[in-house]
There are 2 protein chains.
Amino acid sequence: MADVARLAGVAISTVSRALANPGRVNEKTRAKINAAAKQLGYTPNAMARNLRVGKSNIIMIILPGSLYYGVSQIIPQVLQSINKSLIQGGYNLMIANLDRDEISERHILDLAFGGSVRGAIILSSKLPEVDGRSLANSGLPIVSMLLDMSDAGLQSVITNDREAVRDVTAELIRLGHRRFFYLAGPEGNYHDVERYGGVLEALEAAGLSKQAVHRSGGRLDYQHGFDIGVQAADDFAGLAEKPTAVIATSDDMAISFVSRIRRAGLSIPDDLSVVSFDGSPVCEFSSPPLSTIEQPVEEMGRAAVELLLDAIGQRQNPASVRTVVRSKLILRESIAPPKT
Amino acid sequence: MADVARLAGVAISTVSRALANPGRVNEKTRAKINAAAKQLGYTPNAMARNLRVGKSNIIMIILPGSLYYGVSQIIPQVLQSINKSLIQGGYNLMIANLDRDEISERHILDLAFGGSVRGAIILSSKLPEVDGRSLANSGLPIVSMLLDMSDAGLQSVITNDREAVRDVTAELIRLGHRRFFYLAGPEGNYHDVERYGGVLEALEAAGLSKQAVHRSGGRLDYQHGFDIGVQAADDFAGLAEKPTAVIATSDDMAISFVSRIRRAGLSIPDDLSVVSFDGSPVCEFSSPPLSTIEQPVEEMGRAAVELLLDAIGQRQNPASVRTVVRSKLILRESIAPPKT
DNA sequence: CGATTTTTGGCAAACGTTTGCTATAAGACA
DNA sequence: TGTCTTATAGCAAACGTTTGCCAAAAATCG
């Protein structure tokens with residue numbers, strides 16, 4: 001920086017002000033300084049800067065290991081959307097894995113408490129906590145995405161899972177379906193609770209009993225999405241009274257389920273209607289093309305970043321701590337009225 | 001840190017040595033210091049540390065925007081594998097997007113030259129370069145993954161694309177196939193060149209003419225994998241002499257191609273054998289289950305990190321600058337001898 | 001117990017910025 | 001020409017560590 005100052009014939013403090021602050025320096029000298037910097041190939045040292053101003057420009061995204069595969073269809077989109085928004089705001093994106101081990105938790109906490117990051121977007125229901133340090137009281141702005149953690153006081157950007165599933169179930173009922181097969185995610189998982197709840201609400205609204213839905217799966221996490229579908233197909237085969245409609249809680253499990261069911265000789269949608277969740281592009285090319293509830297991932301990513309940057313900017317937005325982005329039902333050939 | 005020192009009853013320099021260096025301090029006092037740190041909830045400031053020692057502990061991964069979707073099946077695995085290896089080595093992973101605009105290039109260069117990152121793993125054939133600054137001469141250790149950039153002097157971790165495609169083509173020839181349909185990636189793309197080359201080599205080895213393969217696609221990048229398959233299906237429909245075997249260069253395009261082809265009334269593998277590339281799990285559940293060449297993503301990620309850390313550690317490894325990880329052909333029902 | 005080795009204390013400089021302060025210089029204006 | 005405004009210079013402290021140095025203390029050993 002001193003070299004740049006010398007070359008531009010200005011003081012070092014002026015260089016600093018020219019490069020960092022917007023208004024403090026005359027446009028002409030700023031141009032001179034930029035030219036000198038370019039000529040010398042000078043790039044300000046980000047770490048020194050961050051140290052001095054006491055804040056980092058890195059945002060970390062906390063992904064539970066199990067998310068990688070299970071929702072593998074949407075993770076790349078999430079990352080791309082978030083990163084794009086962040087860069088526009090001058091921030092960088094760091095990846096933090098949250099597995100079930102203490103090491104990864106400690107690692108995340110080190111990042112948070114070590115001043116490395118400025119904020120976090122979390123896609124896990126579990127906040128890292130070990131040795132008395134907890135992400136919750138790290139002082140970092142945090143926003144949760146996909147999962148509703150407003151109970152824990154976190155801003156949350158979510159979809160209307162429950163409502164969407166309720167609506168699609170209602171639609172199936174309208175088509176004449178009376179017996180359902182629900183492909184569950186991990187027991188207790190937020191999404192699973194919401195989605196199953198949506199099914200039950202629709203049943204109740206139609207005056208149907210809870211017995212109308214058979215719940216399958218729930219022993220594996222989303223990481224094993226395909227396995228869930230395979231096991232569920234076995235489960236289905238063993239049922240005396242066959243359901244006529246299937247509600248799956250991820251595309252992965254729907255795809256493997258359908259594959260196995262068709263191999264067993266059943267036809268979709270003639271024998272069985274299927275609707276799934278996530279909206280991955282591959283659904284369009286399944287056979288038959290799968291109806292699915294599309295998660296508006298990009299929009300959620302943008303919203304999450306916006307909330308986070310607001311929180312960082314201290315522009316307190318005491319408004320709703322829960323941002324709901326509407327998901328979108330995509331109807332394809334996998335749904336039809338039941339054979340009578 | 002001063003507080004910790006006071007509480008532990010030691011000097012501040014001792015605390016520093018205890019927390020950072022491995023051997024320099026007695027095990028007993030180290031324990032005392034750790035206890036004090038925990039009690040106070042103290043975490044060393046990473047930025048100050050990095051500034052002082054003049055090196056960051058952040059590795060950036062450079063993903064071209066187009067990779068996100070096209071190879072969406074494998075990106076999450078790449079990230080997970082790399083991140084896992086990095087964390088074990090005490091490093092963090094930062095995401096850098098490389099799009100076709102100058103902004104993203106500048107951003108990456110700022111990271112590289114601003115001392116923010118310690119090394120880079122790049123999955124793009126294009127090295128960011130603007131205003132005379134180039135990633136190539138940033139002094140950063142870089143390793144390329146998926147793409148062979150050893151010509152540009154970069155360590156490269158790649159698969160044996162060409163060989164794998166050659167082998168599978170030879171297998172198709174052995175089964176009796178004589179006319180092929182090749183689903184291309186972007187024209188000039190490294191992978192496409194390699195894979196197409198593999199096809200041609202196999203043809204030549206069998207004494208077949210280049211005319212035996214019809215090349216389709218190549219106008220879109222991998223980002224539009226599904227679209228490629230759709231267009232190729234139209235292309236296929238217009239052919240007078242139908243090929244009997246299809247070689248696709250990504251799972252996405254294979255899946256959409258198969259979907260459209262079957263809709264047109266053709267049966268796989270009776271009318272048409274199909275083999276694709278990537279090895280995404282969904283292939284097993286396509287109808288019919290797709291043969292595919294599996295990219296050993298995790299292994300490549302590990303290898304890339306290992307090379308990078310070696311380079312950082314200055315342990316010059318002047319050995320082969322190209323690391324080839326063998327891909328794996330997974331045979332499923334989508335392949336059969338042609339109907340005669 | 002003396003000699004030797006190991007460990008720690010204390011000090012201070014350094015990493016590359018930002019930023020508040022005062023003082024000076026340069027323009028603008030009347 | 002004098003006054004007011006704006007822009008810059010120059011200085012120095014600060015951010016929170018690490019690390020080399022030397023001396024002091026403690027532990028180990030014969």
Side-chain angles (χ1 to χ4, degrees), chain A residues 1-37 40-58 90 92 109-118 138-139, chain B residues 1-37 40-58 90 92 109-118 138-139:
Chain A
M1 195 174 224
D3 294 346
V4 174
R6 205 173 309 122
L7 179 58
V10 300
I12 183 170
S13 51
T14 308
V15 174
S16 173
R17 282 183 257 261
L19 264 36
N21 293 312
R24 299 282 304 145
V25 56
N26 187 324
E27 213 33 72
K28 239 176 73 186
T29 54
R30 181 190 302 274
K32 213 165 47 183
I33 289 171
N34 281 333
L40 293 177
Y42 167 79
T43 307
N45 183 300
M47 288 187 321
R49 168 177 225 288
N50 289 340
L51 173 61
R52 170 61 224 245
V53 303
K55 41 187 81 158
S56 147
N57 68 339
I58 299 175
N92 288 113
L109 290 169
D110 283 347
L111 287 173
F113 286 87
S116 296
V117 305
R118 189 72 191 288
S138 64
Chain B
M1 195 173 225
D3 293 346
V4 174
R6 203 173 311 122
L7 179 58
V10 300
I12 182 171
S13 50
T14 306
V15 173
S16 174
R17 281 184 258 263
L19 264 37
N21 293 311
R24 300 283 303 148
V25 56
N26 188 325
E27 212 35 71
K28 243 176 73 185
T29 55
R30 181 190 303 277
K32 211 164 50 183
I33 289 171
N34 282 332
L40 293 178
Y42 167 79
T43 307
N45 183 300
M47 288 187 320
R49 167 178 228 287
N50 289 339
L51 174 61
R52 169 60 225 240
V53 302
K55 40 188 84 157
S56 147
N57 68 337
I58 298 175
N92 288 113
L109 290 169
D110 283 347
L111 287 174
F113 286 87
S116 296
V117 306
R118 189 69 191 289
S138 64

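Computed over heavy atoms, backbone and side chain alike; hydrogens, waters and symmetry mates excluded. Residue numbering restarts at 1 for every chain, and letters A, B, ... go by the order of the sequence lines.
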Nucleotide-resolved protein contact map, nucleotides 12-17 of chain D, B/S/- at heavy-atom distance under 4.0 Å: -BBBBB
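For the side-chain contact (heavy atoms from CB on, under 4.5 Å) test, residues two or more places apart in sequence or in another chain that qualify with B/A11 are B/S13, B/T14. Checked against side-chain contact (heavy atoms from CB on, under 4.5 Å), B/S16 has the following partners two or more places apart in sequence or in another chain: B/M1. Partners of B/D3 according to the side chain to side chain donor-acceptor pair (under 3.5 Å) rule, which considers only residues two or more places apart in sequence or in another chain, are B/R6. Residues satisfying the side-chain contact (heavy atoms from CB on, under 4.5 Å) criterion with A/L7, sequence neighbours excluded, are A/A36, A/Q39, A/L40. Partners of B/T43 under the side chain to side chain donor-acceptor pair (under 3.5 Å) rule, at least two apart in sequence or in another chain, are A/R133.
Comparing A/T14 and A/K28 against DNA chain C, the residue whose closest nucleotide sits nearer the 5' end is A/T14.
Distance CG (B/N26) to P (C/dT5): 18 Å, rounded to an integer number of Å. For the pair A/R6 CZ and D/dA9 P, the interatomic distance rounds to 14 Å; values are reported in whole Å.
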CA sep, side-chain torsions, deciding dist, call: A/L19, A/N34, side chain to side chain contact (heavy atoms under 4.5 Å, CB included): CA-CA 8 Å; A/L19 264 36; A/N34 281 333; 3.8 Å; yes
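Heavy atoms of B/G9 sit under 4.0 angstrom from primed sugar atoms or phosphate atoms, though from no base atom.
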